[in-house]
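Notes follow the structure.
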Amino acid sequence: MSLLEIEKLNLSIYGLPILRDVSLFLEAGKVLGIVGESGSGKSMTAMSVMQLLPGGSEWSGHIRLDGRSLNECSEKEMCRIRGNDIGMVFQEPMTALNPVQTIGDQVAETILIHTGTSRRDAMAIAREALNRVGLPEDRFPLDRYPHNLSGGQRQRVVIAMAIALKPRLLIADEPTTALDVTTQAQILTLLKRLVEEDDMGLVLITHDLAVVADMADEIAIMKDGEVVEQGKTVPLFRRMSHPYTKALFEASGHVPERKTHEIDAAKPPVVQVDDVIRDYALPRTSLFSAPGRFRAVDNVSLKIARGENVGLVGESGCGKSTLTRAILALDSIQGGEIRLNGDLFSSSGGGPNIKSRRQVQVVFQDPYSSFNPRHRVDRLITEPFHLLDNPPTGAERRERIVSALTDVGLRASDADKYIHEFSGGQRQRIAIARALIIEPSLIVLDEAVSALDVSIRAQILDLLADLSDRLAVSYLFISHDLSVVRAITDRVMVMKAGRIVEEGPTEDVFLNPQHAYTKELLAATPILDAALSAREAREHRNSER
Amino acid sequence: MSDMSLNSRPASGLLGSALRSPSFMIGFLLTLLFVLAAVISFFWVPYDVTVLNIPNKLKAPSLEHWFGTDIFGRDIFSMIMVGARVSIAVALVAVGIGIVAGVPLGLLAAARHGSLLDEVIMRGNDLVFAFPALLIAIMITAVFGPGAINAIIAIGIFNIPVFARLARGAALSLWTRDYVLAARVAGKGQARISAEHILPNILNLLIVQGTIQFSLGILAEAGLAFVGLGTQPPLPSWGRMLAEHQTLYALAPQTVIFPGLAIVLTVLGLNLMGDGLRDIFDPRLRRAR
Amino acid sequence: ADTEVTLGAQLEPPNLDPTGGAAAAIDEVTYSNVFEGLTRFTSDGSVVPGLAESWEISDDGKVYTFKLREGVKFHDGSDFTAEDVKFSLDRINAEESTNAQKALYADIESVEVVDPSTVKVTLSKPNGSILFNLAWGDAVIVAPETAATNATNPVGTGAFKFDDWVEGDHIDLVKNPDYWGEPAKLEKVTFKFISDPNAAFAAVMAGDVDSFMPFPAPENLAQFEADPRFNVVVGSTEGETILSTNNKQPPFDNPKVREALAHAIDRSAIIDGAMFGYGTPIGTHFAPHNPAYVDLTSQSDYDPEMAKKLLAEAGFADGFTTTLKLPPPSYARRGGEIIAAQLRDVGIETEISNLEWAQWLEQVFKGKDYGLTIVSHTEPMDIGIYARPDYYFQYDSPEFQKIMEDLNNTTDPAKRTELLQAAQKKIADDYVNGYLFQLANTGVVNAKLKGIWPNRPTQANDMTSVYWED
Amino acid sequence: MLPFLARRIGSLALSLIAASIVIFLVIEVVPGDPASFMLGLNAAPDTVAALRDSLGLDAPAFVRYWEWITGMFRGEFGTSYTYKVPVGNLIADRVWVSLPLTIYALTLSTLIAFPVGVLAAARRNSPTDVSIMGVTQLGIAVPNFWFAMLLQLVFAGILRWFSAGGFPGWDAGFWAGMKAMTLPAVALALPQASILARVMRSSLLDTLGEDFIRTARAKGLSRRQALWRHAIRNALIPVLTIIGLQFSFLLAGAIIIERIFYFPGMGSLIFQAITQRDLIVVKSAVMLLVFAVILVTFLVDVTYAIADPRLRRARS
Ligand SMILES: Nc1ncnc2c1ncn2[C@@H]1O[C@H](COP(=O)(O)OP(=O)(O)OP(=O)(O)O)[C@@H](O)[C@H]1O
Ligand SMILES: Nc1ncnc2c1ncn2[C@@H]1O[C@H](COP(=O)(O)OP(=O)(O)OP(=O)(O)O)[C@@H](O)[C@H]1O
Ligand SMILES: [Mg+2]
Ligand SMILES: [Mg+2]
């Protein structure tokens, strides 16, 4: 008998079908990975198991935990099961904790709810659970509030809450998506250890194939509310019988074809950053003392030649976006200067030089918030015309719009649509079109593909590569996803705590990292092939034994 | 709450959800009723409200006088129609003052977030809030004398910080949106961005708040008129009708019930409409339904 | 029987010193209850001896010798003597005096103490009204030691002593056991201040107050009348309610226009509409219950056609626009709306503005910035104001001023009556103001409470002889 | 926490100074002369001048402002022009009436609004919720003076359970005082309760949509447990703001209600003082109210910091 059996689960919300005939099985002590694109129904499957479905949901099929059918459980019985038999960890560690309760209280609550222990005992158990997830007493006393903790630490608290009572089943819904790679690696290791120690079943939901290859014994691939393929990890990846699995696999390891760029040393660099410092003012601590400062970018210098693609990597909060904003002259800088094509663009003394501004454009991470929802596409993408002395009008304007749209693979007729009529990938294309329309020499891409599904991400990377070949535009490509950076850039810079710690041609850095931090970063990055081979070897060893 | 309009989408589909929102529909119909009464009163009323007919005073509702007659024998129904005009005009202009003065202030404060100017604007707002509204209204009328204009000013002043705060709060969260950054990258200045990107996207929020302030304005006008500081005779005003007949609660209830109901229903209508609009504009709630 | 009474009053006195302010509310609490003068009014308006037992008037009418009552004590236990009288009267005329009616006593030249119970008052010229004027609350006798603190802790000679004042709510008076005259029948009198007419109605209905005089909402009297718990009292006041006209402001400087105004007004509609029938029409500035009153109402009958004709003659065939500034009392606010409608009928448009008293005093009374206003002149026998050209009507008639001068020089009652009637006719002939009605003293009193003054010869609630009937 | 307090106290002082200047200037331009008001229709001009002099009305504006401010620091507010008693005493008496009334009304409105708001949020979209929302809409729409008159008519005029108004003073006993306050407090509280209940509901609904509620449910808390243990405290923050605002409204905005119930509170003191041009009372009384409001805002801010540990750090 399996620990968890889901049989022909069908779910609809207000009549809208969400899940169709989902069947999944999981043994104790094993990890089931569920992968699939955004909206494919991964979370809803998990919520069905928890019986925490949104209003208007109707479901049919069978869900059994240890042979006990959840179909027959009343809400009261479900309350007894949640937290006790099934623990759950959610994606967003920043909001998953109650901000006004101490972490001790929140962990102990699980225990108090389900067992008759005294508060003191519950606190003791909570303490132990926190110790287990790597939050030792001396640094993390029980009376800490969540806002004193980092994202990874909060995620540990959430995990401690879920495992406090040693549940039979743990469901983790994208538990690391919001964390940077090094923290992700720690959390995944922790989960793996807990599964082994408690002989717990783990359902791990993710969209990252590499993570799942590393973690899961069995994998289910979901698409549009259906499980399209399911099986043991290694054979599933090796065989890839379903075309969707195959597409997914290919997309996640996709490397766009690129020409190598010749650098013309005679021309001035597209952008030259010299000793830039950016301080954020901290809130005043008292009326009379001067406000404190936080140095987010610390003496950074960099150069990008015409046609060159440069990557900037580093963990969350290291100052990547701040540097971008400085290069775009969106914020004033407190030291150093920035030149575009040899002309002074901004410096610590003065504001930006408007004339140069048209040399640089940007594409942001979130395709949803990058556009004013009230404007049509033609108006959206022509916004940078504002920077031109004689903005084109009439037929010429139309022509430029059409060519920008076709450049990014959209149709001319899309110009009259509103932004909500497009998918995320299409929106990101429009964002690129907007950046291209005044033919800048540098485009800054701040996490431009991070929010996209793998298959769409692959398309956008192709597009970017193609554009850079055709138009000789330079990119400053910022991402925390090393594999993407590796795929698209010529040169890479590694940033840590506001400083650039390593720099060099991309392949060199990836193959032969010099700085300890770079090494750590690379080690923590899950890589699909490597994970698969490791698993294969392990399984092979196990079967031989 | 401040997030509601920020995800707003263009008009398409709003009409449909409006028709499906009962609170909006009830509110809209009630509001429409009073706006119509006010508009029609310009062309036609059953009886002239400036003509007194003292022998005919305090008549109970009848076929001739649907709502009865007041202390001077005037037709209460006609007075309520004309009074609607006054209430709506006073509240509308007062809200107008609040929007015209408050929204730019709020947008400016948001654009210069963290600057001294922002601080000054926000502290100024707090200061206005610190003064008890009715008292200031009384002081203003003590300085300038009672009358519709001064009532408008008094009510309007208190609308300014309401809108300034609302606009600032909403604008601040929009200023962090990527599309605003994109506009800055396109070289647009603060004023231009405020006008092109911020204002249109907080419009929904302003409309909802405007409806609510409008209803508060009607209540405030009634309150001022009740203490004798609002609109002056011979123009009828609902609040003054209540004040002038307050001693006739028992003797001639029609004189206080109908103007009172007029206030209640109008305010109710506007509030329901505001609530409905909020639901319609707020995609989060829409999804939940 | 019960010995406590709660009276409702619309206005709270700002302070309790009747010699230091004009507010009627001060007298309404203290007159005759706490403070007494040499003479005093009775309910019907006649003047009788007060703290002066008797007096003699010299033949030239200039010297009054008052014989004071003996054995009178102030509430603080000190004796009342001629010195107190001299102090009080001298204080009125002192340079730094803030007595609101100082003008009434301007003729007093000197006050002499003859002996502890005799005072000689010498006038600069004969003044037939001086005994009457001395009966006003502004001429009450106070003790030098307590004069400065009377505003908050009044010490007089009356039948009641001041006990307690909760500002904004009520004032308590208690019986003075050492009163020189007939002691009060009540142990305690409470004045409760209720400005809102609707609240007044509720308070009476709830039994919170035993009497409310004058009751601010005449429209409610019918209901009280129907209720056996209450008696409705209708008496007279000294309040001539008039449509005051700015005689210097065009077009009212034209007598024809003023005459037209007089004919455009329908008094009965105003009395009916604003006062629910309570009030006596008047045709001149004089109280109808006064024996010297002449009924001149027919001289200004309601005749809109005539009014239009007169206006046309005066060159205003198309009418004109003027201001109508109204103080707070409901007779003014309601009367104003009715008059505005009536004037509109003859082509005169009015811009109504409702003012607070302070604003009214500033704009109308002091600034004379008005066309028309409505106000009740509640001072007794105040026709003399028409002799003051700088008074806010700005009526400047040497003829009338002569009549008044003669009146002051006359002590013979018959002659005085004649002069008073001439004065009444003169202002009616000149249509100085629109004369509307004499304010009625309408009130509601618990049916078991007896002895309340039905009339108001002055602003007073004389409680000395009020008692509960079992 | 300490620097946060220092900062808030600094801005509190600045606000007070600004407020005092505004008040003084407004009082300066109010037309109408207290002296002529006191002396009435028959007064001679020199009498008025004498009174103005004795009231000290003719000193230059700056001197009067300075004396007013420094006087307040010494606890001297001057003597009322009309009442002739120290303004401080006058205001103190009223505060002892207004403050209890405000607290009474606020307590009533909170006691009503809290359970009603929670109930409506807990049963979202149920008939209970819909009818509660309907009633609260009505509660907001009804002008409070209209409602007050109705209360007075029914409970004092007809049923005679309460006196129609007035306040006997605390000397008359605690219960007598409370009884006299009941009708005005109810008239004040019901519309406020409607507003508060709506805020409570929507704030609670917002909080119920938060991720940490889902976390709590995943721990095995029932809907109700999640509501009580996690949602309410978080939802309380906007509710506190409204309560703070209501406090100021009730303290001074009750003028109309005080008139209807001829209740000797701060509102009617100021109203009366304005009509009588007893401006020395007006300016100090208004200043006191503004001070109270600013102080309450300050206290609400500090309470936030206690209710929400995040703020403690963010600001310190
Ligand atoms: N509360 C809800 N009400 C209605 N529909 C919902 C709700 N939540 C999710 N859905 C819909 O259910 C479908 C599946 O959503 P689900 O959250 O399970 O996707 P997912 O695979 O977890 O995606 P992601 O990777 O983005 O988290 C989507 O089409 C989504 O729009
Ligand atoms: N407005 C601000 N005021 C103060 N500190 C700030 C502000 N914005 C960012 N920071 C801090 O500056 C540092 C760098 O932030 P930045 O957004 O540049 O990081 P990042 O590398 O882009 O991270 P991520 O990958 O999460 O986007 C962080 O520690 C952040 O907390
Ligand atoms: Mg999901
Ligand atoms: Mg970033």
Side-chain angles (χ1 to χ4, degrees), chain B residues 47-59 69-75 79 137-151 223-237 239-256 260, chain C residues 195-202 204-205 215-224 226-227 266 268-277 323-330 332-345 349-360 362-363 369:
Chain B
Y47 295 87
D48 185 347
V49 295
T50 57
V51 172
L52 311 189
N53 185 0
I54 289 166
N56 197 29
K57 70 181 171 191
L58 302 179
K59 287 275 177 319
T69 62
D70 80 339
I71 195 165
F72 297 138
R74 289 174 295 194
D75 180 49
M79 291 183 72
I138 290 171
M139 300 269 258
I140 286 174
T141 43
V143 177
F144 300 108
I149 304 281
N150 294 326
L224 280 179
F226 185 77
V227 286
L229 301 174
T231 331
Q232 300 297 297
L235 213 54
S237 134
R240 222 184 53 250
M241 287 169 79
L242 283 180
E244 283 172 354
H245 298 96
Q246 54 170 310
T247 51
L248 294 164
Y249 241 109
L251 197 67
Q254 80 277 7
T255 54
V256 282
Chain C
S195 61
D196 196 73
N198 177 57
F201 176 70
V204 174
M205 287 305 268
F215 189 78
E219 59 272 30
N220 291 137
L221 292 173
Q223 253 170 300
F224 292 132
D227 192 327
D266 181 1
S268 64
I270 296 167
I271 295 174
D272 200 26
M275 305 309 294
F276 279 67
T323 55
L324 177 56
K325 300 197 170 175
L326 304 172
S330 76
R333 295 281 165 90
R334 286 183 181 161
E337 275 203 64
I338 299 172
I339 285 179
Q342 291 173 353
L343 293 184
R344 199 176 304 121
D345 285 344
E349 282 298 327
T350 50
E351 284 162 13
I352 295 184
S353 43
N354 290 344
L355 303 179
E356 296 169 64
W357 272 122
Q359 291 166 327
W360 187 87
E362 185 87 0
Q363 291 181 22
D369 170 22

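Chain naming here is simple, since letters A, B, ... match the order of the sequence lines and numbering starts at 1 in each.
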Of the backbone (N, CA, C, O) and the side chain (C-beta and beyond), which part of [X] lies under 4.5 Å from a heavy atom of chain B, both, or neither?
| X | answer |
| --- | --- |
| C:R344 | side chain |
| C:A340 | neither |
| C:Q223 | side chain |
| C:D272 | both |
| C:D345 | neither |

Between C:D196, C:L355, C:N354, which shows the greatest number of heavy-atom pairs under 4.5 Å with chain B?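 Counting heavy-atom pairs under 4.5 Å, the top option is C:N354.
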
Most contacts with chain B, counted as non-hydrogen pairs under 4.5 angstrom, among C:A341, C:P197, C:G273: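 Option with the greatest count: C:G273.
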
So, do C:L326 and C:E337 sit near enough that their side-chain heavy atoms are less than 4.5 Å apart?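 SC-SC contact between C:L326 and C:E337 ruled out.
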
Give a yes or no answer on whether the side chain of C:R333 reaches the backbone of C:P327 with a donor-acceptor pair at less than 3.5 Å.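 A pair under 3.5 Å: yes.
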
Locate the shortest heavy-atom distance separating C:P216 from C:A200; write the atom from each residue and the value.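 Between these two residues, the closest heavy atoms are CG-CB, 4.0 Å.
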
Identify, with sequence neighbours excluded, every residue that meets side-chain hydrogen bond (donor to acceptor under 3.5 Å, both in side chains) alongside C:D227.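 Residues passing side-chain hydrogen bond (donor to acceptor under 3.5 Å, both in side chains) with C:D227: C:R229.
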
Go through the structure and list residues passing ring pair (Phe, Tyr, Trp, His ring centres under 6.0 Å) with B:F72, not counting sequence neighbours.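 Here no residue qualifies.
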
Are any of the side-chain nitrogens in C:E219 or B:K57 under 4.0 Å away from the carboxylate oxygens of its partner?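 Salt bridge: no.
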
